[in-house]
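Worksheet: the structure to be examined is printed underneath.
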Amino acid sequence: MRQASLVTTTPPPVVFVGPTFPAEDVLSVLPNALIRPPVRRGDLYRYRILKHSIFLVVDGDFGNTLAISPREVLDVLGDGAVVIGASSMGALRAADCAPGGARGIGIVYRLYQQRAISSEDEVAVVYREDQPFPPLTESLVNIRVALRRAVRRGLITTGDGMRIVAAAASMHYSGRTWRDVFASAGVTPSMTAQHFLQAVDVKRRDADVAFRRVAAWLSQDRLRPEAPKYGPQLFGLLEEGRERSPDPLDGADSDEIAVDFIRWLFASGYARRTSVIAPNHFENAAEICADNFRVTELWKAVSRSAEIDTALVRFNVFRRAVSEARRCALSPEGRDFALAGLELANAHREANWFELVNRFERGSPFRLMLKEQRDMLALAKCLRRKLFSLGGQQREKILWQRK
């Protein structure tokens with residue numbers, strides 16, 4: 001009597017994808033893949049516990065949900081799994097975790113790896129929650145790449161390209177459409193240029209390349225994950241013990257930064273594209289900032305906003321950049337002031353810096369606030385330019401050396 005042989009099946013690769021690429025097109029390249037919605041924190045742990053060993057991350061959630069963390073990626077890599085990222089959140093986390101063994105594919109991944117871009121905002125889009133997750137806005141990285149290609153082809157001037165990028169970068173990702181970006185920049189490209197720009201989708205192209213490359217690696221047996229080392233209980237401890245809630249105040253006392261934060265909200269124009277501050281407060285911005293009692297009352301009001309944590313993080317990054325530039329005794333150049341002025345003009349919905357400041361009387365408190373903000377923003381841009389023009393060792397020296 002023959003004994004029936006035991007058949008073991010290997011769990012399929014897990015692909016996290018949403019607005020970047022249709023799921024049915026993924027299955028045409030990776031027919032055995034398990035297609036899941038955009039990745040959330042804890043998803044890699046959960047599927048690794050289920051013995052899945054190959055993960056391809058394209059899209060990921062953030063904002064209203066916890067984004068997948070670098071620590072989670074590193075834990076799963078350390079457990080012997082293969083993690084590949086491309087196109088969107090996957091490209092960002094692959095660049096973050098490349099030293100730990102994560103693999104990245106595509107142009108967006110290389111931009112993150114080279115630190116030409118660095119934030120989640122570059123790949124963020126708004127999309128419908130129902131499958132196939134159609135995107136409703138344009139990603140900033142797509143806008144950057146499309147404009148660079150259009151400039152090279154002579155479809156748009158370098159100056160107009162820079163204005164459009166600055167306008168897009170100053171907008172919240174939820175309102176980033178080509179039409180609104182053109183309007184904010186005060187630029188109307190030709191119809192030929194507009195059709196070209198709207199046809200460029202570097203995120204989708206990267207995802208397509210990633211799916212085909214993973215399919216080739218699988219057929220060539222070039223992806224060799226290891227058997228799981230951790231159990232479900234240990235993964236649970238890792239997730240709970242290593243993930244800490246972020247501190248949007250960056251350790252500062254709220255009373256200490258209230259005045260500077262409220263002034264930044266007004267002068268930077270950040271409050272104009274969010275609901276942090278009610279529109280009726282803008283008419284009396286200078287008077288509010290000069291009165292500590294009114295600042296305190298406004299701080300109490302804005303601290304209840306759903307967007308306060310995001311605003312505080314942006315403010316703290318800006319403040320630290322200015323502080324570091326001053327510590328390094330950097331002096332902004334004309335181009336730094338020009339870019340800073342253009343960014344502020346776009347944020348306040350004006351065509352250029354001179355039109356923005358001329359809205360206010362010479363010597364008026366808000367005009368002085370704007371000039372102070374432009375000077376600090378120019379310092380931050382000067383620091384960024386200096387860092388990216390240096391080699392790795394020199395860059396680390398500026399970033400980490402303390403007197």
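Residue numbers start at 1 and run along the sequence shown.
- Here Phe315 contributes atom CZ and Ile262 contributes atom CD1; the two are 9.5 Å apart, rounded to the nearest 0.5 Å.
- Contacts of Tyr109 classified as ring-ring contact (aromatic ring centres under 6.0 Å, His included), with partners at least two apart in sequence or in another chain: none.
- One N or O on the side chain of His172 and one on the backbone of Ser174 form a donor-acceptor pair closer than 3.5 Å.
- With contacts defined as side-chain heavy-atom distances shorter than 4.5 Å, the pair Ile68/Phe16 does not qualify.
- A donor-acceptor contact shorter than 3.5 Å is absent between the side chain of His52 and the backbone of Pro13.
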Distance-only criterion, 3.5 Å: show the donor-acceptor pairs between side-chain atoms of residues 335-346 and protein atoms not counting sequence neighbours.
| unit_1 | atom_1 | unit_2 | atom_2 | d |
| --- | --- | --- | --- | --- |
| Arg335 | NE | Glu333 | OE1 | 3.1 |
| Arg335 | NH2 | Glu333 | OE1 | 3.4 |
| Asp336 | OD1 | Arg385 | NE | 3.1 |
| Asp336 | OD2 | Glu333 | N | 2.8 |
| Asp336 | OD2 | Arg385 | NH2 | 2.6 |
| Glu343 | OE1 | Lys381 | NZ | 2.8 |
| Asn346 | ND2 | Leu342 | O | 3.2 |

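- Scanning both residues, Pro135 and Tyr127, for their nearest heavy atoms gives CA-CB, 3.9 Å.
- Residue Thr192 holds its OG1 atom at 10.5 Å from CG of Leu197, rounded to the nearest 0.5 Å.
- Screening residues 172-190 for salt bridge (Lys or Arg N to Asp or Glu O under 4.0 Å) gives Asp121-Arg176 as the qualifying pairs, with residues at least two apart or on separate chains.
- With sequence neighbours left out, the side chain to side chain contact (heavy atoms under 4.5 Å, CB included) criterion links Leu74 to Arg71, Leu77, Cys97.
- Not one N or O on the side chain of Asp206 forms a donor-acceptor pair closer than 3.5 Å with the backbone of Ala86.
- Shortest non-hydrogen contact noted between Ala321 and Leu383 is O-CD2, 3.4 Å.
- Annotation: side chain of Pro22 is in contact with side chain of Arg204 (closest heavy-atom distance under 4.5 Å).
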Show which side-chain atoms of residues 140-147 pair as donor or acceptor with protein atoms under 3.5 Å away, not counting sequence neighbours.
| unit_1 | atom_1 | unit_2 | atom_2 | d |
| --- | --- | --- | --- | --- |
| Asn142 | OD1 | Val202 | N | 2.9 |
| Asn142 | OD1 | Lys203 | N | 3.3 |
| Asn142 | ND2 | Glu138 | OE2 | 3.3 |
| Asn142 | ND2 | Asp201 | OD1 | 3.1 |
| Arg144 | NE | Glu122 | OE1 | 3.0 |
| Arg144 | NE | Glu122 | OE2 | 3.3 |
| Arg144 | NH2 | Glu122 | OE2 | 2.9 |

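- Ring geometry for Phe366 versus Phe360: interplanar angle of 30 to 60°, hence tilted.
- Arg213 places no side-chain N or O within 3.5 Å of a backbone atom of Ile105 that could act as its donor or acceptor partner.
- Within the 4.5 Å cutoff, the side chain of Ser184 has no heavy atoms near those of the Val181 side chain.
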Taking it one step at a time, do Thr20 and Ser87 satisfy side-chain contact (heavy atoms from CB on, under 4.5 Å)? CA-CA 8 Å; Thr20 297; Ser87 186; 3.2 Å; yes
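- Ring pair Trp264/Phe261 is parallel by interplanar angle, where below 30° counts as parallel and above 60° as perpendicular.
- A distance-only check finds a donor-acceptor pair linking the side chain of His348 to the backbone of Ala267 [under 3.5 Å].
- The CZ atom of Arg319 sits 13.5 Å away from atom CD of Glu324, with the distance rounded to the nearest 0.5 Å.
- Counting only heavy atoms from C-beta outward, the side chains of Val214 and Ile84 approach each other to under 4.5 Å.
- Sorted by first and then second residue, the pairs that involve residues 92-113 and meet salt bridge (Lys or Arg N to Asp or Glu O under 4.0 Å), not counting sequence neighbours, are Arg93-Asp96, Arg93-Glu120.
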For a side-chain contact (heavy atoms from CB on, under 4.5 Å) check, start with the C-alpha distance between Tyr45 and Asp75, then their side-chain angles and the critical distance, and finish with the verdict. CA-CA 8 Å; Tyr45 286 142; Asp75 283 339; 2.5 Å; yes
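- For Arg367, the salt bridge (charged side-chain N to carboxylate O under 4.0 Å, His left out) criterion is met by no residue, not counting sequence neighbours.
- With hydrogens and angles disregarded, a donor-acceptor distance shorter than 3.5 Å links the side chain of Asn352 to the backbone of Phe354.
- A donor-acceptor contact shorter than 3.5 Å links the side chain of Thr137 to the backbone of Val126.
- Rounded to the nearest 0.5 Å, atoms CH2 (Trp217) and CG (Leu223) are 6.5 Å apart.
- To the nearest 0.5 Å, the span separating CZ on Arg153 from CZ on Arg148 amounts to 14.0 Å.
- For residues 155-173, every residue pair satisfying the salt bridge (Lys or Arg N to Asp or Glu O under 4.0 Å) rule, not counting sequence neighbours, is listed here: Asp160-Arg163.
- Scored by the salt bridge (charged side-chain N to carboxylate O under 4.0 Å, His left out) test, Arg374 finds no partners at all (sequence neighbours excluded).
- Every residue meeting the ring-ring contact (aromatic ring centres under 6.0 Å, His included) condition with Phe182, not counting sequence neighbours, appears here in chain and number order: Trp178.
- Using a 4.5 Å heavy-atom cutoff, the side chains of Ile54 and Leu218 are in contact.
- Without hydrogens or angle criteria, Ser118 side chain to Arg115 main chain gives no donor-acceptor distance under 3.5 Å.
- Glu72 and Arg41 are not joined by a salt bridge, as no carboxylate oxygen comes within less than 4.0 angstrom of a charged side-chain nitrogen.
- Among pairs with a residue in residues 214-223, those fulfilling salt bridge (Lys or Arg N to Asp or Glu O under 4.0 Å) read Asp221-Arg224, at least two apart in sequence or across chains.
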Stepwise side-chain contact (heavy atoms from CB on, under 4.5 Å) test for Val82 and Phe55: CA-CA 6 Å; Val82 173; Phe55 302 95; over 6 Å; no
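- With rounding to the nearest 0.5 angstrom, the CG atom of Leu330 is 7.5 Å from the CG atom of Leu379.
- For Ser331 against Cys382, the heavy-atom pair with the smallest separation is O-SG, 3.8 Å.
- A salt bridge is defined here as a Lys NZ or Arg NE, NH1 or NH2 lying under 4.0 Å from an Asp or Glu carboxylate O, and Asp260 with Arg263 fails to meet this definition.
- The shortest side-chain heavy-atom distance between Gln194 and Thr188 falls under the 4.5 Å cut-off.
- Using a 4.5 Å heavy-atom threshold, the side chains of Ile156 and Phe196 count as separate.
- Formation of a donor-acceptor pair under 3.5 Å by the Tyr47 side chain with backbone atoms of Ser53 is not found in this model.
- A donor-acceptor pair under 3.5 Å is absent between the side-chain atoms of Asp59 and the main chain of Val17, judged by distance alone.
- In this structure, Val58 and Phe21 have side chains that are not in contact, with every pair of non-hydrogen atoms separated by 4.5 Å or more.
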Just do the side-chain contact (heavy atoms from CB on, under 4.5 Å) check on Met376 and Phe318 with the steps written out, would you? CA-CA 9 Å; Met376 290 191 293; Phe318 169 73; 3.7 Å; yes
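- Every salt bridge (charged side-chain N to carboxylate O under 4.0 Å, His left out) that Arg40 has, sequence neighbours left out, goes to Asp61.
- Residue-environment remark: CZ (Arg359) exceeds the threshold of 12 foreign heavy atoms within 6.0 Å.
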